Amino acid sequence: MGDQIYVSREQTTGKEHLLSAINAAGKIAPQTVWDILKADPNPLLKDLLERSGGENINPEEKFSMVLSLCLSEKLSLEKEEILRLYSFFQEFYMVCPHLVTAACSDLTALYNRNPAMHDYGTAFLEFKGYHALQCYRVAHGLWAENRLTAARFFQSLISERWNIDIHPAAVLGERLILDHGTGIVIGETTIVENDVVLFQGITLGGTGKETGKRHPTVRQGSIIGPGSIILGDIEIGQGAKIGSGSVVVKNVSPFTCVFGNPAQVVGQHTHLPGLTFDLSLPPIDYI
């Protein structure tokens, strides 16, 4: 298998047809995603699909089985540990089917919006930001059930395996993209809404020992560039753009671009950059 050459390609379903399959709430049916994965020629993906088992079951269950096996094998190299993790993921997805829908929406957003993404199979198998996000969603579910030790166990696994540290109490929306992912840190009381893009090396952190809400809120459609540090209980407004390497310690208005250390307003726009991956900056004389 390792000697086979795999050339990525867009799925026969096509992006336009995929967009028409997404309902008004931004969801995409597991049936659609499952059909795309089955049609993908990637031999590694085909092998994973075959090993996941499960015949004559609905697409949502089948997708959850494949996702469970993928995450289990990413998190551990020991066969017995893989089997335990697989069983745990499967049981959790059966109780929380909305997490399967969220995983499909995250995958579709990654495919539709990331210009480096040419097929679903590569994202599903190889993008650690996607894997870390799905494991966080399970950890967050555990935290909500007051199973704090298990939640922190998954937080630790995610950090050790992918160098992405997300507190399980943080609230992250859907269609979220952790692009590259390395070095992302998201604190306990952080809120990130839908359709946000976070690049590598980002910190959404606190500023001291205060209790209560002490981490940022990032509104829908925002994009935060690599290496940016956003500290404290501040709000990044809807559709905001944070230039790479910025240090942000005060609120950012909606549809505003900020850049620098400390970050200052350098421009405004009318679109949601989280939907277009637009990290461009206007001409500026401030760094």
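This is a predicted model, so every value here is computed, not measured.
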Exercise for review: Check whether any side-chain N or O of His215 sits under 3.5 Å from a backbone N or O of Leu204 as a donor-acceptor pair, and report yes or no.
Suggested key: no
Point to revise | Phe63/Phe124 under ring-ring contact (aromatic ring centres under 6.0 Å, His included): CA gap, chis, key distance, verdict | key: CA-CA 11 Å; Phe63 179 84; Phe124 187 82; 5.8 Å; yes
Practice item. Mind checking side chain to side chain contact (heavy atoms under 4.5 Å, CB included) for Glu80 and listing every partner two or more places apart, or none if nothing turns up? Key: Arg84
Point to revise | Selection residues 242-258 - residue pairs positive for side-chain hydrogen bond (donor to acceptor under 3.5 Å, both in side chains), sequence neighbours left out | key: none
Revision key, fill the gap. Sorted by chain and residue number, the side-chain hydrogen bond (donor to acceptor under 3.5 Å, both in side chains) partners of Asp278 (sequence neighbours excluded) come out as Lys241, His271, Ser280
Revision key, fill the gap. Residues at least two apart in sequence or cross-chain that pass ring pair (Phe, Tyr, Trp, His ring centres under 6.0 Å) with Phe277, listed by chain then number, are Phe199
Exercise for review: Can you tell me which residue pairs pass the salt bridge (Lys or Arg N to Asp or Glu O under 4.0 Å) test with a partner in residues 141-151, sequence neighbours excluded?
Suggested key: Glu145-Arg147
Exercise for review: Check step by step if side-chain contact (heavy atoms from CB on, under 4.5 Å) holds for Tyr86 and Leu71.
Suggested key: CA-CA 8 Å; Tyr86 174 76; Leu71 296 178; over 6 Å; no
Practice item. Using modelled atom types only, decide if a donor and an acceptor are shared between the side chain of Thr189 and the backbone of Arg214 within a distance under 3.5 Å. Key: yes
Check your understanding: Among all residues two or more places apart in sequence or in another chain, which pass the side-chain hydrogen bond (donor to acceptor under 3.5 Å, both in side chains) test with Arg51?
Key -> Asp47, Glu73
Exercise for review: Starting from the C-alpha separation in whole Å, work towards a yes-or-no answer on salt bridge (Lys or Arg N to Asp or Glu O under 4.0 Å) for Asp40 and Lys46.
Suggested key: CA-CA 8 Å; Asp40 196 297; Lys46 287 185 175 297; over 6 Å; no
Review point. Is a side-chain donor or acceptor of Tyr136 paired with a backbone partner of His131 at a separation under 3.5 angstrom?
Key: no
Point to revise | is_close_aromatic(Phe153, Phe88), centroid dist under 6.0 Å | key: no
**Study point:** side chain to side chain contact (heavy atoms under 4.5 Å, CB included), paired with Leu107, selected from Leu133, Val33, Asn112
**Key:** Val33
Exercise for review: Mind jotting down which residue pairs meet the salt bridge (Lys or Arg N to Asp or Glu O under 4.0 Å) criterion with at least one end in residues 153-171? Sequence neighbours excluded, please.
Suggested key: none
Point to revise | Pair Arg152-Leu142, side-chain contact (heavy atoms from CB on, under 4.5 Å): steps then yes or no | key: CA-CA 9 Å; Arg152 289 192 180 279; Leu142 292 168; over 6 Å; no
Exercise for review: Enumerate the residue pairs fulfilling side-chain hydrogen bond (donor to acceptor under 3.5 Å, both in side chains) with a member in residues 225-238, sequence neighbours excluded, ordered by first and then second residue.
Suggested key: Arg219-Glu235
Check your understanding: Considering all heavy atoms of both residues, which atom of Gly225 and which atom of Ile202 are nearest to each other, and what is their separation?
Key -> O-CG1, 3.5 Å
Point to revise | Among Val247, Val252, Ile224, Thr190, the one residue meeting side chain to side chain contact (heavy atoms under 4.5 Å, CB included) with Ile230 | key: Ile224
Revision key, fill the gap. Those residues at least two apart in sequence (or on a different chain) that pass ring pair (Phe, Tyr, Trp, His ring centres under 6.0 Å) with His180 are none
Practice item. Apply side-chain contact (heavy atoms from CB on, under 4.5 Å) to the pair Leu231 and Ile229, showing each step before the final yes or no. Key: CA-CA 6 Å; Leu231 300 176; Ile229 299 174; 3.6 Å; yes
Exercise for review: Kindly write out the residues that satisfy side-chain hydrogen bond (donor to acceptor under 3.5 Å, both in side chains) with Gln220, not counting sequence neighbours, or none if the list is empty.
Suggested key: Asp195
Point to revise | Residues that Ser76 engages under side chain to side chain contact (heavy atoms under 4.5 Å, CB included), provided they are two or more places apart | key: Glu78, Glu81, Ile82, Leu85
Review point. Does Ser159 use its side chain to pair, donor to acceptor, with the backbone of Gln155 at less than 3.5 Å?
Key: no
Check your understanding: Do Leu75 and Cys135 pass the side-chain contact (heavy atoms from CB on, under 4.5 Å) test, and can you show the C-alpha distance, the side-chain angles, and the key distance before you say yes or no?
Key -> CA-CA 10 Å; Leu75 287 173; Cys135 289; 3.9 Å; yes
Practice item. Using the side chain to side chain donor-acceptor pair (under 3.5 Å) rule, take Asn42 and Asp119 through it: C-alpha gap first, then chi angles, then the decisive distance, then the call. Key: CA-CA 9 Å; Asn42 187 326; Asp119 60 84; 5.2 Å; no
Check your understanding: Hey, do the aromatic rings of Phe154 and Phe92 have their centres closer than 6.0 Å?
Key -> no
Practice item. Take the angle between the ring planes of Phe255 and His269 and call it parallel below 30°, perpendicular above 60°, tilted in between. Key: perpendicular
**Study point:** Sequence neighbours excluded - side-chain hydrogen bond (donor to acceptor under 3.5 Å, both in side chains) pairs with any residue from residues 89-100
**Key:** Ser64-Gln90, Ser68-Gln90
**Study point:** Thr182 backbone acceptor or donor facing Asn163 side chain under 3.5 Å
**Key:** no
**Study point:** Minimum heavy-atom distance Glu60-Thr101, with the two atoms named
**Key:** OE1-OG1, 4.4 Å
Point to revise | Donor-acceptor under 3.5 Å (Lys74 side chain, Leu125 main chain) | key: yes
